[in-house]
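Everything on this sheet refers to the single structure shown next.
Residue indices begin at 1 and follow the sequence shown.
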Amino acid sequence: AGGFDARGATCGVYGGGSGGGGRIVVLYDTSTFPHSNFTIHGGAEFGSSAHGSSGTVYLKDKQEATGDLILDNAGVVTTLSTPWRTTLTSFRSVTIRGLAKLSLTVADITTLTVGQAVLLSGNGTLTLGSGVTLVITNASGFDLDVSSGATFNFESGSTLTADRVRVSGGVLNLRRD
């Protein structure tokens, strides 16, 4: 089976900076391809740690109202968060893994609604900034699952609405003033 590639460019010059991963959108009638067929990680800079941030994959069944958002930096270490570049406010699921980082600020979005789980794994990081609300309406299982070295940062003034949260090998940071 083939794949989709939107990885960031790698810089071969010290201090030049590398590109972030790209955006992939797939609207489908029937999905049989594995999520591992997408490459969206940021580029690596030669001799430096100025690597690019993860790109995004948005998968949506044409018959469904919302789709799945995936961020995966494939283990590329970066200090950068993936920028929020969509007007969408609802997703079926959100997955952040492979050292990908997503920081949501009120300038980006005020309320993010997810119908199934928000999965953080593989040292992925999700940060809810002040004024941002995350609503998870998952009917079964864990709503928010923070595992495998992942981190969920809950800043002062942010709101999480969820029934079941599991932190297993991950970190949940609550900042309250």
State plainly whether one hydrophobic cluster holds both L126 and V94, where clusters connect Ile, Leu, Val, Met, Phe, Trp and Tyr through side-chain heavy atoms under 4.5 angstrom apart. yes
4.5 Å side-chain heavy-atom contact, T125 and L102: no
So, does D143 use its side chain to make a donor-acceptor pair with the main chain of A117 at under 3.5 Å? no
Ignoring hydrogens and angles, tell me if any N or O in the side chain of T89 forms a donor-acceptor pair with the backbone of L112 under 3.5 Å. no
Given side chains that start at C-beta, do those of K101 and L99 come closer than 4.5 Å, heavy atoms only? no
Hey, does Y28 have a side-chain heavy atom less than 4.5 Å from the side chain of L59? yes
Gap separating the OG1 atom of T161 from the CG atom of L144, nearest 0.5 angstrom: 12.0 Å
Student check: side-chain heavy atoms of D5 and F38 closer than 4.5 Å: no
Could you measure the distance from the CZ atom of R166 to the CG atom of L120? Nearest 0.5 Å is fine. 12.0 Å
Can you give me the closest heavy-atom contact between Q116 and S93, atom names plus distance? CB-CB, 4.3 Å
Spell out, yes or no, whether W84 and I96 are grouped together once hydrophobic residues are joined by side-chain heavy atoms under 4.5 Å, including indirect joins. yes
With the 4.5 Å side-chain cut-off for hydrophobic clustering, are V57 and F4 part of the same group? yes
Short side-chain to backbone donor-acceptor contact, D145 and F142, under 3.5 Å: no
Using atom types as modelled and distance alone, determine if a side-chain donor or acceptor of N73 lies under 3.5 Å from a backbone N or O of V77. no
Does the side-chain contact (heavy atoms from CB on, under 4.5 Å) test come out yes or no for K60 and T66, once each step is laid out? CA-CA 7 Å; K60 184 180 173 299; T66 58; 5.9 Å; no
Which residue pairs satisfy the salt bridge (charged side-chain N to carboxylate O under 4.0 Å, His left out) criterion with at least one member in residues 70-92, sequence neighbours excluded? D68-R92, D72-R97
Would you indicate whether the side-chain heavy atoms of T151 and N153 approach each other to under 4.5 Å? yes
With heavy-atom distances below 4.5 Å as the criterion, would you say the side chains of V132 and T111 are in contact? no
From K62 atom NZ to D29 atom CG, the distance as rounded to the nearest 0.5 Å: 4.5 Å
Could you check whether any side-chain heavy atom of S53 comes within less than 4.5 Å of a side-chain heavy atom of P83, counting everything from C-beta outward? yes
Hey, are the side chains of Y58 and I24 touching, using non-hydrogen atoms and a 4.5 Å cut-off? no
Answer yes or no: is there a donor N or O on one side and an acceptor on the other, between the side chain of R164 and the main chain of G141, under 3.5 Å? yes
With hydrophobic residues grouped by side-chain heavy-atom distances under 4.5 Å, do L88 and I109 end up in a single group? yes
Between S81 and S103, does any side-chain donor sit less than 3.5 Å from a side-chain acceptor? yes
Nearest heavy-atom neighbours spanning A150 and S121: CB-N, 3.6 Å
Would R23 and T56 count as a side-chain contact (heavy atoms from CB on, under 4.5 Å) if you check the C-alpha gap in whole Å, the side-chain angles of each, and the deciding distance to 0.1 Å? CA-CA 5 Å; R23 312 287 189 207; T56 58; 3.0 Å; yes
Applying a strict under-4.5 Å side-chain criterion to I, L, V, M, F, W and Y, I'd like to know whether L172 and L134 cluster together. yes
Quick check against the 3.5 Å criterion: does T78 have a side-chain atom that pairs as donor or acceptor with the backbone of H51? yes
Calculate, to the nearest 0.5 Å, the distance between atoms OG and CG belonging to S158 and L174 respectively. 8.5 Å
